[in-house]
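It should be emphasised that the depicted structure is a prediction, and the values quoted were computed from it without experimental measurement.
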Amino acid sequence: MAARINNALDEMDQAMTELKDAVDGIKIRREFFRSTHKALTTAVARLTVEVADNASSLSDD
């Protein structure tokens, strides 16, 4: 289970990097997308920290 969680967290990190690059490429109305991007990244960061902190308590069911 720990390996699957680590893989999922790594994939999430890659996806967030791709999203950042995509938002950086937006030329029109960038500020609207930046505020949405900031809210999303904050939520994802909280989620990934919680998952990483609690990964050891998850079973291999």
Side-chain angles (χ1 to χ4, degrees):
M1 176 69 72
R4 290 190 343 216
I5 291 172
N6 286 336
N7 288 341
L9 292 175
D10 288 342
E11 289 176 10
M12 180 62 71
D13 186 48
Q14 290 173 339
M16 294 306 291
T17 299
E18 290 177 22
L19 178 61
K20 179 187 174 294
D21 293 343
V23 169
D24 287 343
I26 296 172
K27 303 292 185 212
I28 300 172
R29 295 181 51 97
R30 181 187 312 231
E31 293 310 312
F32 168 76
F33 291 108
R34 287 231 184 260
S35 62
T36 304
H37 178 259
K38 182 171 174 53
L40 175 69
T41 55
T42 301
V44 169
R46 288 181 180 151
L47 175 64
T48 55
V49 168
E50 287 294 323
V51 169
D53 285 348
N54 295 299
S56 63
S57 65
L58 299 174
S59 66
D60 287 338
D61 292 347

Test side chain to side chain contact (heavy atoms under 4.5 Å, CB included) applied to Val51 and Leu47, Asp53, Thr48, the passing residue: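 Among Leu47, Asp53, Thr48, the one meeting side chain to side chain contact (heavy atoms under 4.5 Å, CB included) with Val51 is Leu47.
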Over 12 foreign heavy atoms within 6.0 Å of CE, Met16: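 It does: Met16 CE has more than 12 such atoms within range.
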Working to the nearest 0.5 angstrom, can you tell me the gap between [X] [atom1] and [Y] [atom2]?
X     : Y     : atom1 : atom2 : value
Lys20 : Leu40 : NZ    : CG    : 14.0 Å
Arg4  : Leu9  : CZ    : CG    : 13.0 Å
Thr17 : Asp13 : OG1   : CG    : 4.5 Å

